[in-house]
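Okay, structure first, notes after.
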Amino acid sequence: MDEFDLVVIGAGPGGYVCAIRAAQLGLSVAIVEKRAEPGGTCLNVGCIPSKALLHASERFEEAAHGFEALGFSTSAPKLDLNAMMAFKDNVVKGNTSGVEYLFKKNKITSITGAARISGRGRLEVRLGDGKTRSLGAKHIVIATGSAPAMLPGIKIDEKRIVTSTGALMLDKVPERLVVVGAGVIGLELGSVWRRLGAQVEVVEFLDQILPGMDGAVVKQFTRILKKQGFKLNLGMKVAGVRKGRKFLQVSIEPAKGGEAKEIKADVVLVAIGRIPYTQGLGLEEAGVDLDARGRIVTDGKFATTAGGIYAIGDVIAGPMLAHKAEDEGIALAEILCGQAGHVNYETIPGVVYTTPEIASVGKTEEALKAEGITYNSGTFPFTANGRARAMNAAQGFVKILAHASSDRVLGVHIVGPFAGELIGEAGIAMEFGASAEDIARTCHAHPSLSEAVKEAALDVDKRAIHM
Ligand code: FAD
Ligand code: NAI
């Protein structure tokens, strides 16, 4: 049996980052991954391939419609979907190879196979050739991630009725795409296929898109989506999908009850959330408890209910985001080495990579109201930002929420160009306990999109200059 200080199960962003940090700190580390390539959901079928297709499809749409306003025109772009998919696959390959290189560089033993906990400090790995390999470990980290939630009675075939995985590899642009769930996956992948020519119709159970986001963001982005041509069926649920030879017949009905109606689709994307993935790990026998939502129960320091076994990432509570999993991986490796590893869950940013992008960090206005926290709010529109206008990308705004008496920044919400990059400044400010006044008095380059953040901070005190 091979013995290690640490064996990590799952080589997604939680697991591989934990393995690297532990190796940096001097532990002997093995990582077991049942996929052929490392990188988990994020690199293989999540963040990276979706962002490659979002980028490519955004450029395609821009080439088709966006240049006239800048004073030139081109002939209509011709889509080569196979080549676009090859671009995406190459981006994925580059990233997964990078992780393999990092394993070698950090002398991490990388094992391809499915791991199962077989006793205290013991694991069995089922290898591709059917053999098993036994491992011993002082510490075991479960970083097995999540899988798409299913709609009861609707069978996924990943060709016509797909999860995000199938939606990242369709072999032709569907004429009509029905997206079930107006969350992050639905709006990102719906955007990809709409830009490439699909009519996209969204069916969302709740009365709004993007639940959990700040109300002002939801309101403006709903308008933007409709303008882009998304058809939104809010407060509706899917009762069933019938497969015809030519198209799918999707039956939808009001979530609160009422008359059903039928809509036609070539492809249905089910994107109603993800569930923690804990199958085949031997958790019950090992004494690892799950909560009512199937997540591994941990204490504040990632320890499960079984001695020597820890868990991080999508498989535990908290937002299902790659950077959250990564930061937990680092914190846990440091804790295992006697350091004070820590994750600040108040400052985890969230980004939706649509056009324009949406980004937020900290509390929403609705959450502050619900918690009875008094606040001041400042908003600045990109229409009043010189750089955004020069980029012909002036949709959206920056909104800053700051404590009414201390002025400490409690939340920042952005709809607009490069919102996912702009939110970094807000995260740093919040980590340092900045006030809106601190942001307002920091010199921001001109002309830059980040000036909208400064102006929103000025507007918290109702003294924005350019509005
Ligand atoms: P995962 O990445 O899911 O990795 C877990 C790994 O464990 C998997 O590779 C799995 O094969 C392996 N495994 C499971 N069981 C075993 C076993 N018994 N033995 C060995 N290996 C096992 N997040 C963002 O922050 N930004 C984004 O832009 C973003 N885009 C996304 C787009 C899509 C379409 C999807 C589906 C998700 C996206 N996410 C995004 C979410 C992100 O992918 C996850 O939050 C992240 O991958 C979680 O990391 P993890 O390490 O916890 O798990
Ligand atoms: P989600 O939780 O973001 O959205 C799911 C949506 O489906 C919600 O609006 C919900 O109300 C709706 N819904 C649930 N049941 C329904 C039903 N029966 N009928 C109709 N609507 C229903 O989940 P999503 O989009 O599947 O993404 C999963 C996870 O992946 C998220 O937690 C997200 O954090 C992560 N992710 C992150 C990305 C990013 O950071 N850019 C990109 C893609 C995914």
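As the structure lists them, so they are numbered: ligands from 1, and atoms in each ligand from 1. For reference, positions follow the sequence shown, starting with 1.
The nearest heavy-atom contact from the protein to atom 52 (O) of ligand 1 is Asp314 N, 3.0 Å. Of the protein's non-hydrogen atoms, Ala322 N, 3.5 Å is the one closest to atom 24 (C) of ligand 1. Annotation: atom 2 (O) of ligand 1 to nearest protein heavy atom, Thr41 N, 2.9 Å. The closest protein non-hydrogen atom to atom 15 (N) of ligand 1 is Thr144 CG2, 3.3 Å. With hydrogens left out, the protein atom closest to atom 29 (C) of ligand 1 is Cys47 SG, 3.2 Å, a heavy atom. Atom 33 (C) of ligand 1 has Gly46 CA, 3.3 Å as its closest protein atom, hydrogens excluded (heavy atom only). The closest protein non-hydrogen atom to atom 18 (N) of ligand 1 is Ala115 O, 3.0 Å. Considering only non-hydrogen protein atoms, atom 6 (C) of ligand 1 sits nearest to Glu33 OE1, 3.4 Å.
Atoms of ligand 1 found under 4.0 Å from any heavy atom of Ser146 (numbered from 1 in listed order, with element): 3 (O). Shown in contact with Met320 at under 4.0 Å from a heavy atom are these atoms of ligand 1, numbered in order with element: 41 (C), 45 (O). Interface of Ala143 with ligand 1, defined as ligand atoms under 4.0 Å from a residue heavy atom, comprises 5 (C), 6 (C), 7 (O). In summary, the atoms of ligand 1 found under 4.0 Å from a heavy atom of Ser50, numbered by their order in the structure, are 32 (C). Atoms of ligand 1 found under 4.0 Å from any heavy atom of Gly12 (numbered from 1 in listed order, with element): 2 (O), 4 (O), 51 (O). Interface of Ser164 with ligand 1, defined as ligand atoms under 4.0 Å from a residue heavy atom, comprises 34 (C), 36 (C). Short contacts between ligand 1 and Gly145, defined as distances under 4.0 Å to a heavy atom of the residue, involve ligand atoms 1 (P), 3 (O), 5 (C), 52 (O), 53 (O). Proximity to Cys42 (heavy-atom distance under 4.0 Å) selects the following atoms of ligand 1: 2 (O), 43 (O), 47 (O).
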Ligand 2: which protein N/O atoms lie under 3.5 Å from its N/O atoms?
unit_1, atom_1, unit_2, atom_2, d
ligand 2, 3 (O), Val184, N, 3.2
ligand 2, 9 (O), Glu204, OE1, 2.6
ligand 2, 9 (O), Glu204, OE2, 3.3
ligand 2, 11 (O), Glu204, OE2, 2.6
ligand 2, 21 (N), Phe205, N, 3.2
ligand 2, 23 (O), Gly273, N, 3.4
ligand 2, 25 (O), Val184, N, 3.3
ligand 2, 25 (O), Ile185, N, 2.9
ligand 2, 26 (O), Gly273, N, 2.8
ligand 2, 34 (O), Met320, O, 3.2
ligand 2, 40 (O), Val351, O, 3.4
ligand 2, 41 (N), Glu188, OE2, 2.9
ligand 2, 41 (N), Val351, O, 2.7

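The pair Arg116-Glu285 meets the salt-bridge criterion, with a side-chain N (NZ, NE, NH1 or NH2) lying under 4.0 Å from an Asp/Glu carboxylate O. Using a 4.0 Å cut-off between charged nitrogen and carboxylate oxygen, Glu124 and Arg133 do not count as a salt-bridge pair.
A cation-pi arrangement is absent between Arg195 and Phe60 under the rule of less than 6.0 angstrom and at most 45 degrees off the ring axis.
For the atom pair CG (Asn106) and CG (Leu27), the distance works out to 12.0 Å, reported to the nearest 0.5 Å. Remark: Leu123 CG to Thr132 OG1 distance equals 12.5 Å, nearest 0.5 Å.
Counted by atom type alone, Asn233 and Glu201 present one or more donor-acceptor pairs between their side chains at under 3.5 Å. Between the side chains of Ser110 and Glu100, no donor N or O sits under 3.5 Å from an acceptor N or O. Side chains of Ser146 and Asp314: a donor on one and an acceptor on the other come within 3.5 Å. There is no side-chain donor-acceptor pair under 3.5 Å between Gln220 and Arg223. Between the side chains of Asn344 and Glu431, at least one donor N or O sits under 3.5 Å from an acceptor N or O.
Contacts between Val351 and ligand 1, counted as non-hydrogen atom pairs separated by less than 4.0 Å, are absent for every part of the residue. Contacts between Val184 and ligand 1 below 4.0 angstrom, taking non-hydrogen atoms only, are absent altogether. Contacts between Ile9 and ligand 1, counted as non-hydrogen atom pairs separated by less than 4.0 Å, involve the side chain only. The part of Lys51 lying near ligand 1 is the side chain, judged by heavy-atom distances below 4.0 Å.
Using bins of under 30°, 30° to 60° and over 60° for the plane-to-plane angle, the ring pair His139/Tyr310 lands in the perpendicular bin.
Taking both residues in full, the closest heavy atoms of Pro38 and Phe103 are given as CB-CE1, 3.9 Å, listed atom of the first, atom of the second, then distance.
Side-chain contact between Ile31 and Glu33 is absent, with no heavy atoms from C-beta onward closer than 4.5 Å. Between Gln208 and Met213, the closest side-chain pair of non-hydrogen atoms is not below 4.5 Å. Within the 4.5 Å cutoff, the side chain of Lys226 has no heavy atoms near those of the Lys231 side chain.
Between Ala114 and ligand 1, no N or O atom pair is found at a separation short of 3.5 Å. Annotation: Glu188 places no N or O atom under 3.5 Å from an N or O atom of ligand 1; distance criterion only. Remark: ligand 1 and Gly280 share no N or O pair separated by less than 3.5 Å (distance only, no angle test). Backbone and side-chain nitrogen or oxygen atoms of Arg35 are examined, and one is located within less than 3.5 angstrom of a nitrogen or oxygen of ligand 1.
Under the side chain to side chain donor-acceptor pair (under 3.5 Å) criterion, Lys324 pairs with Glu328, not counting sequence neighbours. Shown here are the salt bridge (Lys or Arg N to Asp or Glu O under 4.0 Å) partners of Glu188, two or more places apart in sequence or in another chain: Lys51. Judged as a salt bridge (Lys or Arg N to Asp or Glu O under 4.0 Å), and not counting sequence neighbours, the contacts of Arg295 are Asp291.
Residue contact check for ligand 1: Lys324 places no non-hydrogen atom closer than 4.0 Å to it. Ligand 1 is approached by Tyr353 to a heavy-atom distance shorter than 4.0 Å. Ligand 1 lies within reach of Val45, whose nearest heavy atom is under 4.0 Å from it. For the ligand labelled ligand 1, residue Arg274 lies inside the 4.0 Å heavy-atom shell. Residue contact annotation: Pro49 has no non-hydrogen atom under 4.0 Å from ligand 1.
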Note to self: Assess the residue pair Glu62 and Arg59 against the criterion (salt bridge (charged side-chain N to carboxylate O under 4.0 Å, His left out)); give the C-alpha distance rounded to whole Å, side-chain angles, the decisive distance to 0.1 Å, and a yes or no.
What the structure shows: CA-CA 5 Å; Glu62 199 179 6; Arg59 296 287 80 75; 2.9 Å; yes

